There are 2 protein chains.
Amino acid sequence: MARRSQTELAVLGALSTGAMTGYEVRAAITGTLGHFWQESFGQIYPTLAGLEADGLVRRRGGGRTSGSVVEITDAGRVRLRELLAEPHPSAPRRNALLLRLFFGEHLPPGRAHELLTEVEEGSVAALEQYSAIRAEPSDDDPGQPFRTMTLSFGEHLARAQRDWARESLAALADLEEGRRARG
Amino acid sequence: MARRSQTELAVLGALSTGAMTGYEVRAAITGTLGHFWQESFGQIYPTLAGLEADGLVRRRGGGRTSGSVVEITDAGRVRLRELLAEPHPSAPRRNALLLRLFFGEHLPPGRAHELLTEVEEGSVAALEQYSAIRAEPSDDDPGQPFRTMTLSFGEHLARAQRDWARESLAALADLEEGRRARG
DNA sequence: AGCAGCATGTAAGTGGTTACATGATTGT
DNA sequence: ACAATCATGTAACCACTTACATGCTGCT
């Protein structure tokens, strides 16, 4: 009962779309799940080895040149469905930015403004990226609606952050003005 | 150069509002930073010991009954400002829910609906909590605007999640209907 | 007498990142 | 020839959680 299940899920999920090398699994994950999931090689290769030992994936030759291509097995597909159905661990809610902002009165002058501007710019940039993805021609396969849902999540999140950052910047400006007025 | 800096920051931040025991530090963190930060005892006590060794906090007696009360020192206050000014580590963007939804086509029937409903209900509950906090009488100290900012962040986030969940549930319903019509 | 809450701490384990080591192939 | 990219893996480390162990105090 290895508890590496989240990485296992991501790797099996990637492999469910086609056979590939470990290196390509990484690329597939950063490419398609990138805005809400990442994996490092130090995690992928050991996981792949474990999956192979459990018969959930198998290696297809792969000559000297390319690495060995990994393929999901039927047992692997069953396991993927199991993992998907399992309750998901809630992400640890830890926001280092908010931690700093909460104690904002002790922040060096201008730093709060800087932090908020970074959030605003980051969110706007993310939104641009998302709209570029939306513009991409879609081969309409059955998974499409779910993929769109995750994209939509990113958009909602980015818009919320952008709006919050703008509101907070305005509040900050009011604060500064009041301070100046009082002397 | 210990790298426990995030926990250190949270603990020093809590202690900057007044002297307290380790147990109370935990309570203060879950109470006031709870919706974007948490610490466990296994983290707090060793951190406190390290801070004491560095002269950033000091212990005030604390008889047999209550535990020893910990107080931030001047050096501790300086360190707090340093930590606050440091660039914040970006949280690992890993969303186990989206990971499952992305591969939604392999999810057991009804499970996607279940997941989205949970998100919607959780967000609504969070919003209620936040509005209760807003209603609390505020002693208007200088930190107030920053505290409000972090609360506002939670609200924006919760609204975004709620709206996304509702939209996605509607999209899911459309999908089911289309399936029935064709099937 | 017994339980709930206050209080402090340690040990083991988890899930992950980073850095390192290595080497083949392809393109310039 | 050299650099970039593909490819695989390990070792060390890190932050953190959970579970455990312990004991006191105050209330019922």
Side-chain angles (χ1 to χ4, degrees), chain A residues 1-11 14-15 19-31 33 36-53 57 59-70 83 86 88-96 99, chain B residues 1-11 14-15 19-31 33 36-53 57 59-70 83 86 88-96 99:
Chain A
M1 284 295 123
R3 203 68 49 46
R4 56 176 146 60
S5 48
Q6 296 311 295
T7 294
E8 213 170 276
L9 173 50
V11 170
L15 288 174
M20 55 187 100
T21 66
Y23 189 88
E24 286 168 334
V25 167
R26 168 89 197 281
I29 289 176
T30 37
L33 315 178
F36 61 87
W37 203 264
Q38 340 91 51
E39 293 291 347
S40 62
F41 286 126
Q43 195 76 346
I44 284 175
Y45 285 115
T47 298
L48 237 24
L51 289 173
E52 197 187 3
V57 304
R59 253 165 242 265
R60 280 255 170 261
R64 262 152 270 89
T65 90
S66 55
S68 60
V69 171
V70 181
L83 289 173
E86 269 181 17
H88 60 284
S90 56
R93 288 183 314 170
R94 271 179 148 218
N95 189 324
L99 185 58
Chain B
M1 286 294 121
R3 202 70 46 48
R4 56 175 145 61
S5 49
Q6 296 311 295
T7 294
E8 213 170 277
L9 173 49
V11 170
L15 289 174
M20 56 187 99
T21 67
Y23 190 87
E24 287 169 331
V25 167
R26 170 87 196 282
I29 289 175
T30 36
L33 316 178
F36 60 86
W37 202 265
Q38 341 91 50
E39 293 291 348
S40 62
F41 286 126
Q43 195 74 347
I44 285 175
Y45 285 114
T47 297
L48 237 24
L51 289 172
E52 198 187 2
V57 303
R59 252 165 243 264
R60 281 255 170 259
R64 263 153 271 87
T65 90
S66 54
S68 61
V69 171
V70 180
L83 288 173
E86 269 182 18
H88 60 283
S90 55
R93 287 183 314 170
R94 273 182 146 214
N95 189 324
L99 185 59

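In what follows, every chain begins at residue 1, and chains take the letters A, B, ... in the order their sequences are listed. No hydrogens, no waters, no symmetry mates; every other heavy atom, side chains included, goes into these values. Because the structure is predicted, anything quoted here is derived from the model rather than measured.
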CZ of A:Arg59 versus C1' of D:dA7: gap in Å, rounded?
-> 11 Å

For the side chain of A:Tyr45, starting at C-beta, report the closest nucleotide among D:dT17, D:dT8, C:dC6.
-> D:dT8

What distance do A:Thr21 atom OG1 and A:Arg59 atom CZ have between them, rounded to the nearest 0.5 Å?
-> 10.0 Å

Checking D:dT18, D:dA15, D:dT8 against the side chain of B:Ser40 (C-beta onward), the nearest is D:dT18

Minimum heavy-atom distance A:Pro46-A:Phe41, with the two atoms named | CD-O, 3.9 Å

Sugar-phosphate, base or nothing in reach of A:Gly22, heavy atoms under 4.0 Å = sugar-phosphate

Indicate yes or no: at least one non-hydrogen side-chain atom of B:Arg94 is less than 4.5 angstrom from one of A:Glu39.
-> yes

Closest to the B:Tyr23 side chain, choosing from C:dT8, D:dA15, D:dA7 | C:dT8

Closest of D:dA15, D:dT5, C:dT17 to the A:Gln38 side chain is C:dT17

Partner residues of A:Ala27 under the side chain to side chain contact (heavy atoms under 4.5 Å, CB included) criterion, sequence neighbours left out | none

Return no unless some side-chain N or O of B:Ser68 is found under 4.0 Å from OP1 or OP2 of C:dA7.
-> no

Out of D:dA15, D:dA7, C:dC6, whichever nucleotide has its closest atom nearest the side chain of A:Thr21 | D:dA7

If you look at every strand shown and take non-hydrogen atoms under 4.0 Å, does B:Arg93 touch a base, only sugar-phosphate, or nothing?
-> nothing

